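Quick notes on the structure that follows.
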Amino acid sequence: MRQQSCGMTHEIAPRKLAELRSRGSDALVEELLCKFIGSSTGLLAQAKSALTSGNATQVDFCVHTLKGGALSIGLTEMVNLLSEKFTIN
């Protein structure tokens, strides 16, 4: 299901969306998405800086945090993309 919030459209896994709605309302879902987007901006900036400076530990931390947040609100496409693109060996 596509959810519109904070001026963006997000694909939320249907099961997760149903779970979130059962705990609150569409307003709760929108609030969670907005908080995730707000915190993601800073994490992405930190990850970019860490990539530039070659700090793999910080990149891993930022990606791990982004994946956790995305997973908790059902943004599985984002989790998959982050897992695919940022695998630290």
Side-chain angles (χ1 to χ4, degrees):
M1 164 165 251
R2 291 191 110 41
Q3 179 76 25
Q4 181 75 28
S5 69
C6 301
M8 298 178 70
T9 303
H10 311 275
E11 185 72 30
I12 300 175
R15 287 173 115 181
K16 190 62 168 183
L17 182 60
E19 177 189 331
L20 292 171
R21 283 182 171 155
S22 73
R23 295 179 182 196
S25 64
D26 286 341
L28 172 66
V29 174
E30 183 169 351
E31 179 183 346
L32 291 171
L33 284 171
C34 288
K35 285 183 179 185
F36 174 75
I37 292 166
S39 66
S40 295
T41 303
L43 284 167
L44 289 169
Q46 288 176 33
K48 182 179 178 181
S49 177
L51 280 169
T52 302
S53 67
N55 186 340
T57 302
Q58 185 65 24
V59 172
D60 187 49
F61 170 79
C62 292
V63 170
H64 179 78
T65 303
L66 284 166
K67 285 175 19 181
L71 188 60
S72 72
I73 59 172
L75 297 174
T76 53
E77 289 179 45
M78 178 178 255
V79 173
N80 293 337
L81 179 65
L82 288 166
S83 296
E84 184 180 300
K85 299 293 182 187
F86 293 99
T87 301
I88 307 277
N89 295 327

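Keep in mind that what you see is a predicted model, and the values were worked out from it rather than measured.
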*Given side chains that start at C-beta, do those of C62 and Q58 come closer than 4.5 Å, heavy atoms only?*
yes
*asked:* Looking at D60 and A56, would you say the former's side chain and the latter's main chain have a donor-acceptor pair under 3.5 Å?
replied: no
*Could you state the interatomic distance from CG (L20) to CD1 (I73), rounded to the nearest 0.5 Å?*
8.0 Å
*With the threshold set at 4.0 Å, does a side-chain nitrogen-carboxylate oxygen contact exist between R15 and E19?*
no
_Over all atoms of both residues, closest heavy-atom pair of V79 and K67_ = CG2-O, 3.6 Å
*Should L81 and F36 be counted in the same cluster of Ile, Leu, Val, Met, Phe, Trp and Tyr side chains packed under 4.5 Å apart?*
no
*Nearest-0.5 Å distance, CG of residue L44 to CD1 of residue I37*: 11.0 Å
*Validation row: Q46, L43 side chains within 4.5 angstrom (heavy atoms)*: yes
*asked:* Let me confirm one number: the NE2-CG distance from H64 to L82, rounded to the nearest 0.5 Å.
replied: 12.0 Å
*Looking at CG of L66 and CG of L75, how far apart are the two atoms once the value is rounded to the nearest 0.5 Å?*
11.0 Å
